[in-house]
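Positions are given from 1 along the sequence.
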Amino acid sequence: MTQNIRQAEGLLRDIPKPEEKILPVDGETNVLITSALPYCNNVPHLGNIIGSTLSADVFARYNRTRNRRTLYVCGADEYGTATETQALKEGLTPRELCDKYNVLHVETYKWFELGFDHFGRTSTPLHTEICQDIYLNLLHNGFLERQEKDQTYCEDCGKFLADRFVEGTCPHCGADDARGDQCDVCSRTLDAVDLINPRCLVNRTHKVTTRSSSHMYAKLDALQPRVEEWIKRSWKAGKWSPNAVINADGEIIDARLKSGLRPSPVTRDLSWGVPVPTVEGEDDHGMKGKVLYVWFDAPIGYPSITANYTSEWKRWWFNHENVRLYQFMGKDNVYFHTVYFPAVLLGDGRPWTTLHHLSTTEYLNYEGGKFSKSHNRGVFGPAAKETGIPPSVWRYYLISTRPETADAMFSWADCIAANNNVLLNNFGNFVNRSLKFVASQYDSVIPDGGDAPGPLSPNDDLDADFISEVNALLKDYIDAMEAVKLRLGLQTVMLLSARGNLYLQASGLNKTLMAENPKRCAQVVSRAINLIYVLSALVHPFMPSTSAAILEQLNAPERAVPSVLSNDILAGHHISKPEHLFKRIDEKMAEVWRAKFGGAPAAATPEPSADATHVAPGMSKRKAAAAKKAADKAVAAVQDDKPKSAEVLVWEQKVAEQGQKVRELKVKPKTEETDKEVAEAVEELKKLKGELAEFQKSS
């Protein structure tokens with residue numbers, strides 16, 4: 001099939017060969033990306049995915065579309081008490097448990113199309129080696145000290161009990177099932193030695209006493225001045241998003257820093273972990289047989305996982321001048337990435353590549369509550385594919401609701417509306433309408449629109465506004481993505497496709513135009529096709545499968561993100577068969593999925609029915625009425641499934657964005673100022689909805 005693509009440096013993507021290791025090049029922009037390491041025995045839910053791994057994947061893919069050397073690493077955090085506890089419950093060894101859950105993690109992330117360059121594990125020999133090197137450097141540099149403290153000890157097990165291996169009566173509220181680190185009833189943090197009537201979770205009949213144990217502590221107090229100086233310098237250079245450690249004005253607000261950091265433990269009395277290193281002829285400080293604390297070793301997983309990817313890992317991790325490190329995580333991980341881990345690296349003394357930009361998210365909640373695996377509430381891991389919703393739609397919806405400044409709420413109704421109103425009626429409509437016109441009217445060959453190869457002039461006689469607005473939106477997209485404002489970047493992509501729809505309508509693209517003004521018709525088609533080619537690159541970070549489908553239909557190679565709209569797919573180029581990028585989701589499925597993932601037993605999950613009045617077994621009258629209303633609406637939509645005008649699509653996009661703004665404001669702490677902001681935002685939303693309704697009536 002004939003291709004005719006403009007030849008120009010930087011137009012196409014530079015794609016590494018499968019066997020090629022990605023390494024930084026001095027003098028170029030090199031981007032190193034990490035996402036918070038998930039606990040090996042935690043099944044990731046949608047909130048976990050958007051909080052770190054998916055957000056990092058979007059940013060990594062964006063940088064690849066800019067032809068930057070980009071490395072994205074992640075992996076399972078496998079050591080520590082949590083692993084030992086879960087292994088005990090499941091009757092497995094810690095290694096067997098990690099192997100079991102690693103498969104689940106890999107399958108889940110693969111289905112969500114997360115493009116790690118390497119997804120590794122912390123239970124590797126290289127991880128042990130790098131952790132032990134850092135420990136010894138801290139020791140030799142005078143940043144470790146020995147402390148002795150009382151700990152719970154099981155006389156029958158013959159070992160000290162980690163916090164999660166002991167329970168007892170809370171000394172504050174009297175609850176009888178408080179854990180060694182926290183009471184779930186009163187939410188107070190605890191020291192296991194303060195529990196009343198402590199019990200060993202291995203066997204509750206065992207005798208639990210208190211014994212003293214010595215451990216090594218990192219002298220964070222001695223490192224604090226250097227840490228604070230580093231935080232302020234990196235915050236300014238990397239333009240961090242405001243977080244729990246430093247606010248938008250560059251003021252350090254973390255309570256631990258303000259009150260003064262204290263020495264923090266780096267060793268534990270466990271068997272599953274990195275062994276504390278000893279050097280022949282040197283004092284081991286009584287640490288023989290102990291392991292490194294998981295909070296010490298887990299962040300070191302970033303360089304150790306890179307080391308398992310390439311033996312030249314130090315070119316990434318000891319190269320602060322040429323490498324920019326971007327780290328993605330939920331808000332609960334900020335302290336360890338901005339205070340604790342940087343302090344460890346500073347104390348180590350080697351020239352580590354340290355954090356350039358920190359991207360954090362608030363929490364994504366589920367349909368009015370929290371995700372809960374124990375209560376079967378919410379979508380976890382592989383269960384997402386059970387819905388039949390494609391990965392691209394999941395990725396779009398999760399990024400569009402990314403909780404960047406406030407907690408956000410997952411909603412099945414909103415997810416379905418995002419697919420039907422934005423992806424199908426806006427983005428998909430523009431791509432499919434343009435390609436089908438080429439296939440049916442030009443025998444799948446791009447006509448000669450009269451434009452020379454290269455950038456289109458913003459002073460064009462007929463399309464000056466269109467070209468200028470597309471170029472302005474391209475700048476907005478690049479600015480948003482460079483600032484790691486992923487949700488804004490995605491919104492801009494949809495505004496570009498809406499502008500494309502408006503262009504087709506305003507130009508009157510149809511058979512009549514082709515008959516009466518064939519030159520103008522060819523020009524409109526050519527420019528629309530080239531905008532679609534641009535969109536294939538812009539949408540790639542968010543929906544890689546959708547991008548690939550567009551390229552397949554265009555019969556074009558992967559391209560880089562441009563700064564302006566150009567004539568790149570030239571006359572004589574053959575396209576492939578047009579196909580719909582998205583399918584409508586029946587709105588009545590919202591109630592079906594609420595029942596399936598809302599905490600009800602799986603056996604009671606209602607199945608969809610062709611009958612619009614279908615009521616699931618055990619469904620309340622209220623839910624049944626809501627289901628019938630949704631089903632009736634869905635049937636009506638199918639019966640009257642006419643393409644929407646570009647103006648309506650633009651208005652719907654504005655309404656959707658304002659609705660998201662209202663939801664974000666409502667979850668903020670309640671104050672007089674936020675109440676006023678909510679009221680104003682709601683009024684604006686009502687106004688937009690009213691204007692949309694009036695516009696629909698008039699058109």
Novice: If you draw the axis of the six-membered ring of Tyr309, does the NZ or CZ of Lys21 fall within 45° of it and under 6.0 Å from the ring centre?
Specialist: yes

Novice: Does anything in residues 275-291 pair up under salt bridge (Lys or Arg N to Asp or Glu O under 4.0 Å), and if so which pairs, sequence neighbours excluded?
Specialist: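 Every salt bridge (Lys or Arg N to Asp or Glu O under 4.0 Å) pair that includes a residue of residues 275-291, provided the two are not neighbours, is Asp269-Lys290.
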
Novice: Under a 4.0 Å N-O cut-off, is there an ion pair linking Glu362 with Arg402?
Specialist: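 Result for this pair is no, no salt bridge flagged.
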
Novice: For the residue pair Phe341 and Phe336, is the inter-centroid distance of their aromatic rings smaller than 6.0 Å?
Specialist: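 No; Phe336 has its ring centre 6.0 Å or more from that of Phe341.
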
Novice: Please check if the number of heavy atoms outside Arg61 that lie under 6.0 Å from its CZ is greater than 12.
Specialist: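 Correct, the count exceeds 12.
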
Novice: Quick one: side chain to side chain donor-acceptor pair (under 3.5 Å) pairs with a partner in residues 256-265, sequence neighbours left out?
Specialist: Asp254-Arg256

Novice: For Lys314, I'd like to know if atom NZ has over 12 heavy atoms of other residues, nucleotides or ligands within 6.0 Å.
Specialist: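 No, NZ of Lys314 has 12 or fewer neighbouring heavy atoms, counting only those of other groups under 6.0 Å.
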
Novice: List the steps and the verdict of side-chain hydrogen bond (donor to acceptor under 3.5 Å, both in side chains) for Gln151 and His215.
Specialist: CA-CA 11 Å; Gln151 290 182 222; His215 286 285; 2.9 Å; yes

Novice: Ignoring hydrogens and angles, state whether a donor on the side chain of Ser123 or Arg95 is under 3.5 Å from an acceptor on the partner side chain.
Specialist: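 Checked: Ser123/Arg95 side chains pair up, N/O donor to acceptor below 3.5 Å.
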
Novice: Is the closest basic N to carboxylate O distance between Asp26 and Arg315 below 4.0 Å?
Specialist: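 Answer for the salt bridge query: no.
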
Novice: Taking NZ, NE, NH1 and NH2 as the nitrogens, is one of them in Asp221 or Lys219 under 4.0 Å from a carboxylate oxygen of the other?
Specialist: no

Novice: Between His127 and Val274, does the side chain to side chain contact (heavy atoms under 4.5 Å, CB included) criterion hold? Intermediate values first, please.
Specialist: CA-CA 8 Å; His127 181 73; Val274 175; 3.8 Å; yes

Novice: Let's go through Trp317 and Thr306 carefully: what are the C-alpha distance in whole Å and the side-chain angles of both, what is the deciding distance for side chain to side chain contact (heavy atoms under 4.5 Å, CB included) to 0.1 Å, and is it a yes or a no?
Specialist: CA-CA 9 Å; Trp317 284 98; Thr306 310; 2.9 Å; yes

Novice: Would you say the rings of His337 and Tyr302 are close, in the sense that their centroids are separated by under 6.0 Å?
Specialist: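 Tyr302 vs His337: aromatic centres under 6.0 Å.
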
Novice: Which atoms form the tightest heavy-atom contact between Arg199 and Asp176, and what is the distance?
Specialist: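 In this case the closest contact between Arg199 and Asp176 is NH2-O, 2.7 Å.
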
Novice: Could you tell me if Arg395 sits above the aromatic ring of Phe542, with its cationic atom closer than 6.0 Å to the ring centre and no more than 45 degrees from the axis?
Specialist: no

Novice: Strictly under 6.0 Å, is that where the ring centroids of Trp272 and Tyr79 end up?
Specialist: yes

Novice: Using the benzene-type ring in the case of Trp, are the ring centres of Tyr101 and His105 under 6.0 Å apart?
Specialist: no

Novice: Heavy-atom count around Glu321 CD within 6.0 Å, excluding the residue itself: above 12?
Specialist: no

Novice: Could you give the distance from CD1 (Ile305) to CD1 (Ile130), rounded to the nearest 0.5 Å?
Specialist: 10.0 Å

Novice: A cation-pi test, strictly: NZ or CZ of Lys110 under 6.0 Å from the centre of the six-membered ring of Phe119 and no more than 45 degrees from its axis. Yes or no?
Specialist: no

Novice: Would you say NZ of Lys485 has more than 12 non-hydrogen atoms from neighbouring residues, nucleotides or ligands within 6.0 angstrom?
Specialist: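 No, because the 6.0 Å sphere around NZ of Lys485 holds 12 heavy atoms or fewer from other groups.
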
Novice: So Tyr153 and Phe160, would you call those rings parallel, tilted or perpendicular, with 30° and 60° as cut-offs?
Specialist: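 If you compare the ring of Tyr153 with that of Phe160, the planes turn out perpendicular.
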
